[in-house]
Visitor: 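Have a look at the structure that comes next, please.
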Number of protein chains: 2
Amino acid sequence: MGIAERKTKEKTELKALILAAARGLFLERGIEETSIRNIAEVIEYSPATIYLYFKDKDEILHELHSQGFQEMGSRMRELMSVSDPMERLKELGRVYLEFARENTEMYDLMFIAKAPMHFLEKMEEHNWSEGKVAFDFLLNTVEECIAAGRFAGHDPCGLSFMIWSCVHGMVALEIRDRCKGISNENPDIIFRGAFDAFIKIIDVL
Amino acid sequence: MGIAERKTKEKTELKALILAAARGLFLERGIEETSIRNIAEVIEYSPATIYLYFKDKDEILHELHSQGFQEMGSRMRELMSVSDPMERLKELGRVYLEFARENTEMYDLMFIAKAPMHFLEKMEEHNWSEGKVAFDFLLNTVEECIAAGRFAGHDPCGLSFMIWSCVHGMVALEIRDRCKGISNENPDIIFRGAFDAFIKIIDVL
DNA sequence: AAATTTACTAAACAGTGTTTATTATTTCCA
DNA sequence: TGGAAATAATAAACACTGTTTAGTAAATTT
């Protein structure tokens, strides 16, 4: 099966090439400003060729969204070495915000853009597996904190979702430009102040 | 000045008609699925006419975003009658979430969509006045709580932004479909659980 | 009544995602 | 090895999108 093997290899290679080109254009020009034709031009293929490798544009965006989760996941897994769950929880918040602010376009794709979820719906896939894996990491940490006697009276799932909402809210507001003119100070300062408040609250809970 | 008066009245009337048509289409078909041509068809004018009343599509979206803030603002002002700042803060969270979930398309326009902010940038307007008014209402309430001896050790601005992020995060995740498959339970239950956690934390702070 | 301003639109431009029909190439099998 | 079958790639078209331009008809002013 030497030929079939080479064929599938070429297939995945061109697929990867398309994704790399798409990602490059996203990072330098933004998601909505890059078209299938732009991607085709970069990789020097016709636009129609892209449709031999991906069902539609949403599938490309979903694939890149998954790449983002892989990268964020590997950063999160590094925190498994932190044994104290409270410490790990705070580090998780820090790493999450760090990833989001260093990879705004990717974060947008992962947690804000509609396209990746539209793709799931079209596939009749009702489970957002990437999101669930990440959420469960948070949930497990929160449950460990509860087992260690913290967060008395809180439902682990509800509290985890609240914590996630909190950090997501910060970056979502910043990414979509809702911090402009909120404070007279540097927008970075209000961000830091909010994260400080977050840490203080986690500590006191 | 009878004629000129009538002219300006007609002008604002057609402007309002365009906005009403746009809003109607948004609510029933979504923002990205409605085009200038769709709006023109509803009001039975040519697409080009719309450009005599609005600079571009972003201006229409910005105008509707402002309408949304007017409506949310009037709901928030009702809470001025609540004298206890802690009670008012919690009610503010409840009203915010209620508005967001009853007007998802409007909320999206106000706090998630890029278009209204793109319009501000094109106008070289660096202050998001609608957002600032709403944020200041929250900030004032938080400052009153601090004056009443609560939230010790917290910076009012940072804490306000954190509270805002928290409630925004919840609805933003839901609106952009990031709650699917997170929990086995009804997505409504996790939402309620998160809000319960929010209230508990505010109370204990 | 003629000139001018205003209100509106048909048609075009340059772009978008996507599909279809066609061509060139490669692989398979007799 | 030569002809049939399968694969890979594309040019061109379709039905859209936001927006601009040039031109027409009506209302207003002089």
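Heavy atoms only: backbone and side chains are in, while hydrogens, waters and symmetry mates are out. Chain A is the first sequence line, chain B the second, and so forth, proteins listed ahead of strands; every chain is numbered from 1.
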Visitor: Given that A:Leu14 and B:Glu33 both sit by DNA chain D, which one's nearest nucleotide is further toward the 5' end?
Guide: A:Leu14
Visitor: Decide if the gap between the ring center of A:Phe119 and the ring center of A:Phe54 is smaller than 6.0 angstrom.
Guide: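 For A:Phe119 and A:Phe54, the ring centres are not under 6.0 Å apart.
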Visitor: I'd like to know whether B:Lys200 forms a salt bridge (charged side-chain N to carboxylate O under 4.0 Å, His left out) with B:Asp203, so could you lay out the CA-CA distance, the side-chain angles of the two residues, the decisive distance to 0.1 Å, and finally the verdict.
Guide: CA-CA 5 Å; B:Lys200 271 206 193 81; B:Asp203 262 325; over 6 Å; no
Visitor: Do NZ/NE/NH1/NH2 and the carboxylate oxygens of B:Arg94 and B:Glu98 come within less than 4.0 Å?
Guide: yes
Visitor: Can you measure B:Arg37 atom CZ to C:dT9 atom C1' for me and round it to whole angstrom units?
Guide: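 After rounding, the reported distance stands at 13 Å.
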Visitor: Could you give the CD1-to-P distance, from A:Ile39 to C:dT18, as a whole number of Å?
Guide: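 Rounding to the nearest Å, CD1 of A:Ile39 and P of C:dT18 are 11 Å apart.
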Visitor: In whole angstroms, how far is the C1' atom of C:dA7 from the NZ atom of B:Lys15?
Guide: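 So the NZ-C1' distance, B:Lys15 to C:dA7, works out to 16 Å.
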Visitor: Centre-to-centre under 6.0 Å for A:Tyr107 and A:Tyr96, is that the case here?
Guide: yes
Visitor: With a 4.0 Å heavy-atom cut-off, tell me which residues in residues 43-59 of chain B come close to DNA chain C, sorted by residue number.
Guide: B:Tyr45, B:Ser46, B:Ala48, B:Thr49, B:Leu52, B:Tyr53
Visitor: Please give, in whole Å, the distance from C:dA10 P to B:Ile36 CD1?
Guide: 17 Å
Visitor: To the nearest Å, how far apart are B:Lys122 NZ and D:dG18 P?
Guide: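 Atom-to-atom, B:Lys122 to D:dG18, this comes out as 12 Å.
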Visitor: Does the ring center of B:Phe111 lie less than 6.0 Å from the ring center of B:Phe69?
Guide: yes
Visitor: How long is the line joining CD of A:Glu32 and P of C:dG15, in whole Å?
Guide: 18 Å
Visitor: Determine, for B:Asp108 against B:Arg176, whether the closest basic-nitrogen to carboxylate-oxygen distance falls under 4.0 angstrom.
Guide: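 Looking at B:Asp108 and B:Arg176, the cut-off is met.
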Visitor: Rounded to whole angstroms, how far apart are CG on B:Leu17 and P on C:dC8?
Guide: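 Computing the B:Leu17:CG to C:dC8:P distance gives 11 Å.
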Visitor: Could you tell me how far apart A:Asn38 (CG) and C:dG15 (P) are, to the nearest whole angstrom?
Guide: 10 Å
